[in-house]
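Have a look at the structure below, then the notes.
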Amino acid sequence: MANQGKADQQRSYEDLLQGNRDWVDQELEKDPEFFNKLAEGQNPDILWIGCSDSRVPANQVTNTRPGQVFVHRNIANVCVHSDMNMLSVLDYAVNVLKVKHIIVAGHENCGGVAAALSNKQYGLIDNWLRHIKDVYRLHSHEIDLISDQTERVNRLIEFNVIEQVFNLCKTTIVQNAWKERPDLQIHGWVVQLKSGYVKDLKVSCSGTENLGKIFALD
Ligand code: CO
């Protein structure tokens with residue numbers, strides 16, 4: 001049994017390398033210059049901030065190609081004010097790549113949000129999920145009225161995306177960029193796993209008007 005398990009593990013690893021060779025062959029067949037062009041540099045218009053969940057890959061969901069989407073992913077697509085990783089990606093995307101759109105993309109049946117809505121301990125990750133419990137606290141009056149657990153999770157997924165859109169708007173990175181580039185837009189999406197379609201939450205922002213008085217910075 002142990003040997004069989006090891007053989008399966010080795011095969012799944014070899015499958016990745018074979019998958020890579022197949023991908024290179026397919027791309028070269030379509031365009032012999034594809035990788036030469038990729039190597040020249042990137043000029044993406046989009047920053048995607050999504051969940052680490054394996055079911056929501058940015059390029060496939062948006063039918064885009066390598067080079068078109070700059071990506072940051074973490075568990076439950078949270079944008080935390082003190083997360084140097086997220087802030088570095090955001091700063092580079094906004095100020096160097098000069099992306100035109102930032103998309104916060106949550107997804108239905110998000111395990112991170114479901115965990116945050118429970119009382120169970122999962123370990124270290126509980127500290128990360130606390131940010132989502134904070135979002136619940138702001139909207140508990142509405143979420144507590146929903147009796148179906150899946151619907152409760154999916155509503156918190158939407159509230160979480162909206163909160164992270166606002167969190168991005170509150171950063172100095174985005175607000176300073178807006179002074180020179182009012183075309184920079186931030187959007188909130190939920191990927192609906194059962195259909196594949198994106199639900200645009202229609203919370204797109206391109207200014208500080210709706211942030212409340214202490215969040216719009218001079
Ligand atoms: Co998720």
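When a ligand or atom number is given, it counts from 1 through the structure's own listing order. Because the structure is a prediction, the values reported are computed rather than measured.
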Atom CD of Glu14: over 12 foreign heavy atoms under 6.0 Å
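Result for CD/Glu14: enclosed.
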
Heavy-atom neighbours of Arg130 CZ exceed 12 at 6.0 Å:
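Counting other residues, nucleotides and ligands, CZ of Arg130 stays at 12 neighbours or fewer.
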
The Co ion (ligand 1): protein N, O or S atoms [distance under 2.8 Å]:
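Less than 2.8 Å away from the Co ion (ligand 1) sit Cys51 SG, His107 NE2, Cys110 SG.
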
What residues, two or more places apart in sequence or in another chain, satisfy side-chain contact (heavy atoms from CB on, under 4.5 Å) together with Ser206?
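In terms of side-chain contact (heavy atoms from CB on, under 4.5 Å), with neighbours along the sequence ignored, Ser206 is linked to Trp178, Gln185.
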
Please identify each residue that fulfils side-chain contact (heavy atoms from CB on, under 4.5 Å) with Glu108, with sequence neighbours left out.
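Result, side-chain contact (heavy atoms from CB on, under 4.5 Å) vs Glu108: Asn154, Val190, Gln192.
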
Sequence-distant partners of Arg11, side-chain hydrogen bond (donor to acceptor under 3.5 Å, both in side chains), two or more places apart:
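Per chain and number, Arg11 pairs via side-chain hydrogen bond (donor to acceptor under 3.5 Å, both in side chains) with Asp8.
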
How long is the straight-line distance from CD1 of Ile157 back to CG of Asn109, given to the nearest 0.5 Å?
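Rounded to the nearest 0.5 Å, the CG-CD1 separation comes out at 6.5 Å.
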
